[in-house]
Amino acid sequence: MTTEHHRVVIVGAGFGGIGAAVRLLRKGISDFVILEAAGAPGGTWRDNSYPGCQCDIPSNLYSLSFAPNPAWSTTFPIQPEIREYIERVVTQFDLHKFTRYHTELLDARWDASSTQWRVVTSAGELSANVLILAMGFLSEPFVPALDGLDSFRGPTFHSARWDHDIDLTGKRVAVVGTGASAVQLIPEIAPRVGHLDVYQRTPAWVIPHMDRRVTRPEQWLYRTFPVAQGIRRAMTYVVSESRHAVLTRTGLLNRAARALARANIRRAVPDPELVRRLTPSYELGCKRVLLSNRYYPALARPNVDVVSDRVIGATPTGVVTGSGDRRPADVIIFATGFKITNRACYQRIRGEGGTDLASSFDEHGAYLGVTAAGFPNLFCIAGPTSGVGHTSFLFMIESQQAYVADAVAAMVSRSLGSVEVRPEVQDGYFHRIQSDTTRKVWASGCTSWFLDEKGRNVAVWPGYSWTFHRRTRRFDEKSYHVTADTAR
Ligand code: NAP
C-alpha cells in the first residue's frame, strides 16, 4: 500500500495554520493538508473558553490582514467572537476541504534518503516534502506537580480547559495563579462563588483597561468603507509599536506606567495591607503587563481572600500552602500558565540523527522562530522567540507565514529537494537575541515564562515588530543549505 503524499503537511488549524494555508494558496500551492487534533479550528481561542476570556490587543489589530472583521462588538475582542472569526475565515477561504479534523500528529521523522517527512497521525500515515508546525505558542497547559493532588475529592481543572459542567455557584473555590488568565476570570466568578481564595505567588502589574463597545455607526463605517477600518488598524499598530519603548525598558515612561498601575490598586482596594501585597516589587514589563478595571475590585470583595503564598500540595478537602496552611476548597482552578520549553508536541518531531525538536529548540532556539538546523524542510509558525507583548502576535505570525510561503514557493520554482538553515546562522541569531535581551526589562530580575531556568530568552522577540517583519519579508536562501530535487 502506498503512503498518501502531499507537498506540504500543516499541523494545527489555529491562526498559525490557517494563515499559512491561505499564503500557500496565494502562491499557487494547493497540494497540502492541515492536521487538526480537535474537531474544529480555532487553536488557543477554541481551547480557552474560561469566563471573561478576552484578547488584550485592540480588535482592529487582532485580525488577519487579508480578512478584516467589521463586526467586533468591543474594542478588545472577546474569545467567542475571535473563535467565530476564525471559523468564518476557514469557510471564506474554503479551508475545511484541506483540513483533517480529529487527526493528531503522533510522530514525524525526517527521511534523508527521500528528503521527505514521514508523518504518523492518529488517523494513518502520510509523507510530505515540507512540514509546517503551527501548534501554537501557548497550547500545553502547565499544572504544578502538587503533593496529594490525586487525593483531592473535588473537581480540578486548568483555565485553558475550563469545565463548563461544574457549577461554581456558592462553592468554595481556589484559583491558583494571578497571571493574564486569572485576572480575567476572577472578576467573572467572584460574585457567584461562595468563597474565593486567590493564591498569589507573585503579584502582577495591572493597568486600567480602555475597553468599550464598538458603536453601530462604527461597525457600519467599517462594513461600508473597509478603508476606514484599515486606517484605524494602521493607527492602532503605530500606537502599539510605541508601547515597546515603555514596556521593554526601565526609565521615566516605565515609572509613569507604574504610578498608573499603583493608582489602579489604591482606587479599588481600601485595605493598605492588601495594597502592599498586591504591589509588585519588580519592574513593570518584566512579566507581561495586564489590563483590567475589574480585577482589584473583585479582590476587595468580602468573599475573596488573597493568599500571598505559593501552593505546594492538596489534601482531600483543600489546598496546602508553602507556609504549611491548609485551606478548604470544593474546586481548584489552575490559572498557572503554559509549558514553554521541552514541549510534548515538539518532542514528537525527529530530525537528522533522530534529534527531537524540543531539545533542539531548547538548546539553540529557532532562526526567525521558524527553522532549525538538523530539521530540513521544517518550518514552524510561532516558534521560539517570536512572541510579543506590546503588539499583536498575529503580526508576527503573518510575517512568518509570508516567509514560509516564500520558502516553499522557492523550493517549487527552483526544484529544491531540501532547505536547512545553516547552524552558524541559527546560532548567531540566537546569541543576538540573548544579547539584545540583556538590555531589556525582562532581564531585570523577575521570574517569567519569557526566560528559561538558565535565564535565556526562549519566548519573545526583543525588538519592534516592524524589524521582525523586515527580516522575514523574503526567504533568504543564502542562510540555508539547499539541495536539488533529485526525484525530478
Ligand atoms: P501566566 O501569566 O504564566 O501566569 C501563571 C500564574 O500561575 C502566575 O501568577 C504564577 O506565579 C502562578 N503559578 C504557577 N505555579 C504556581 C504555584 N505552584 N503556586 C502558586 N502560583 C503559581 O499564565 P496565564 O495567565 O495563563 O497567561 C499566559 C500567557 O497567555 C500570558 O502571558 C499571555 O501571553 C497569554 N494570555 C493572554 C491573554 C490576553 O490576551 N488577555 C489572556 C490569557 C492569557 P508566578 O508569577 O510567581 O510565576
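Every number for a ligand or one of its atoms is a count from 1 in the order of the listing.
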Q: Mind checking whether R310 has an N or O less than 3.5 Å away from an N or O of ligand 1?
A: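 In fact, backbone or side chain, R310 has no N or O that close.
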Q: Counting only heavy atoms from other residues, nucleotides and ligands, does the tally under 6.0 Å from CZ of R216 exceed 12?
A: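 No, not enclosed.
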Q: Have a look at ligand 1 and work out which part of K287, if any, has a heavy atom under 4.0 Å from it: side chain, backbone, both or neither.
A: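 Looking at K287 and ligand 1, just side chain atoms fall under 4.0 Å.
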Q: May I ask you to check whether Q229 and N69 show a side-chain donor-acceptor distance below 3.5 Å?
A: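 Looking only at side-chain atoms, N69 and Q229 do not form any donor-acceptor pair under 3.5 Å.
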Q: How far is atom 29 (C) of ligand 1 from its nearest protein heavy atom, and which residue and atom is that?
A: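 For atom 29 (C) of ligand 1, the nearest protein heavy atom is L138 CD1, 3.6 Å.
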Q: Would S308 and Y199 count as having a side-chain donor-acceptor pair, cut-off 3.5 Å?
A: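 On atom types as modelled, these side chains do not qualify, holding no pair under 3.5 Å.
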Q: Can you tell which part of F76 has a heavy atom less than 4.0 Å from ligand 1: side chain, backbone, both or neither?
A: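 No part of F76 comes within reach of ligand 1.
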Q: Out of R201, Q54, H158, who gets a non-hydrogen atom closest to atom 16 (C) of ligand 1?
A: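 Minimum heavy-atom distance to atom 16 (C) of ligand 1 goes to R201.
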Q: Tell me which one of R161, H164, Q79, R83 satisfies side chain to side chain donor-acceptor pair (under 3.5 Å) with S49.
A: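 When side chain to side chain donor-acceptor pair (under 3.5 Å) is applied between S49 and each of R161, H164, Q79, R83, only H164 qualifies.
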Q: Verify whether the ring centers belonging to Y62 and F395 lie closer than 6.0 Å.
A: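 No, the ring centres sit 6.0 Å or more apart.
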Q: For ligand 1, find out whether one of its N or O atoms is nearer than 3.5 Å to an N or O atom of D309.
A: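 Between D309 and ligand 1, no N or O pair is found under 3.5 Å apart.
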Q: Got more than 12 heavy atoms from elsewhere within 6.0 Å of CZ, R232?
A: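 Atom CZ in R232 is not packed in, count stays at 12 or less.
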Q: Just which atoms of ligand 1 are under 4.0 Å from any heavy atom in G337?
A: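 Those atoms are 3 (O), 5 (C), 23 (O), 24 (P), 26 (O).
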Q: Answer yes if the ring centres of H158 and F338 are under 6.0 angstrom apart, and no otherwise.
A: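 Ring centroids of H158 and F338 are less than 6.0 Å from each other.
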Q: Is the closest N or O pair between D56 and ligand 1 shorter than 3.5 Å?
A: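 Min N/O separation from ligand 1 is below 3.5 Å for D56.
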Q: Work out whether the distance between some heavy atom of F450 and some atom of ligand 1 is less than 4.0 Å.
A: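 Judged by the 4.0 Å heavy-atom criterion, F450 does not count as contacting ligand 1.
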Q: Where's the contact between C53 and ligand 1, heavy-atom distance under 4.0 Å: side chain, backbone, both or neither?
A: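 It is neither; nothing of C53 touches ligand 1.
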Q: Verify whether the ring centers belonging to Y464 and H244 lie closer than 6.0 Å.
A: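 Y464 vs H244: aromatic centres under 6.0 Å.
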Q: Around atom 4 (O) of ligand 1, find the nearest protein heavy atom and jot down its residue, atom name and distance.
A: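 The answer is G179 CA, 3.6 Å.
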Q: Determine, stepwise, if the pair R46 / E36 fulfils salt bridge (Lys or Arg N to Asp or Glu O under 4.0 Å).
A: CA-CA 12 Å; R46 176 200 59 230; E36 171 53 58; 3.2 Å; yes
Q: Can you confirm, on distance only, whether ligand 1 has an N/O atom lying under 3.5 Å from any N/O atom belonging to V311?
A: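 Right, the criterion is met.
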Q: Start with the C-alpha distance between E283 and R255, add both sets of side-chain angles, then the distance that settles salt bridge (Lys or Arg N to Asp or Glu O under 4.0 Å), and finish with yes or no.
A: CA-CA 9 Å; E283 301 275 352; R255 281 204 292 281; over 6 Å; no
Q: Out of T447, V175, T178, V176, indicate the one that has the non-hydrogen atom closest to atom 20 (C) of ligand 1.
A: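 The residue whose heavy atom sits nearest atom 20 (C) of ligand 1 is V176.
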Q: Near P144, which atoms of ligand 1 are under 4.0 Å from a heavy atom of that residue?
A: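 Ligand 1 atoms under the 4.0 Å threshold to P144: 18 (N).
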Q: Where on S181 is there a heavy atom closer than 4.0 Å to ligand 1, on the side chain, on the backbone, on both, or on neither?
A: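 Contact part for S181 vs ligand 1: both backbone and side chain.
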Q: Please report which non-hydrogen protein atom sits nearest to atom 36 (N) of ligand 1, along with the residue it belongs to and the distance in Å to one decimal place.
A: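 The answer is A180 CB, 3.8 Å.
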Q: Please list the nearest protein heavy atom to atom 6 (C) of ligand 1 with its residue and the distance rounded to 0.1 Å.
A: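 Answer, as residue, atom name and distance: A335 O, 3.3 Å.
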Q: Are T248 and P462 side-chain neighbours, meaning at least one heavy-atom pair lies under 4.5 Å?
A: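 No, every pair of side-chain atoms sits at 4.5 Å or beyond.
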Q: Minimum heavy-atom separation for H390 to G463, with atom names?
A: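 Where H390 meets G463 most closely, the heavy atoms are CE1-O, 3.8 Å.
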Q: What protein heavy atom sits nearest atom 47 (O) of ligand 1, and how far away is it?
A: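 For atom 47 (O) of ligand 1, the nearest protein heavy atom is T202 OG1, 2.4 Å.
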Q: To the nearest 0.1 Å, how far is atom 12 (C) of ligand 1 from its closest protein heavy atom, and which atom is that?
A: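 Ranked first by proximity to atom 12 (C) of ligand 1 is G177 CA, 3.6 Å.
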Q: Check each atom of ligand 1 against the heavy atoms of Y50 and keep those under 4.0 Å away; list them by number with element.
A: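 Here the atoms of ligand 1 in question are 42 (C), 43 (C).
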Q: Is S159 close enough to touch ligand 1? Criterion: a residue heavy atom under 4.0 Å from a ligand atom.
A: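 Judged by the 4.0 Å heavy-atom criterion, S159 does not count as contacting ligand 1.
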Q: Answer whether the closest heavy-atom distance between the side chains of Y295 and I186 falls below 4.5 Å.
A: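 Sidechains of I186 and Y295: in contact.
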Q: Kindly indicate whether the side chain of T315, heavy atoms from C-beta on, has any atom under 4.5 Å from the side chain of F152.
A: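 Contact flag for T315/F152 side chains = no.
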Q: Ring centroid separation for F93 and F66, is it under 6.0 angstrom?
A: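 F93 vs F66: aromatic centres under 6.0 Å.
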Q: Could an N or O of ligand 1 be found under 3.5 Å from any N or O of F142, whether backbone or side chain?
A: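 No: no nitrogen or oxygen of F142 is under 3.5 Å from one in ligand 1.
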Q: Between Q184 and ligand 1, is there a nitrogen or oxygen pair with a distance under 3.5 Å?
A: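 Among all N and O atoms of Q184, at least one is under 3.5 Å from an N or O of ligand 1.
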Q: Under 4.0 Å from any heavy atom of R288, which atoms of ligand 1 are there?
A: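 Those atoms are 31 (C), 32 (O), 33 (C), 34 (O).
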Q: In terms of residue, atom name and distance, what is the protein heavy atom nearest to atom 3 (O) of ligand 1?
A: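 Here the nearest protein heavy atom works out to W449 CD1, 3.4 Å.
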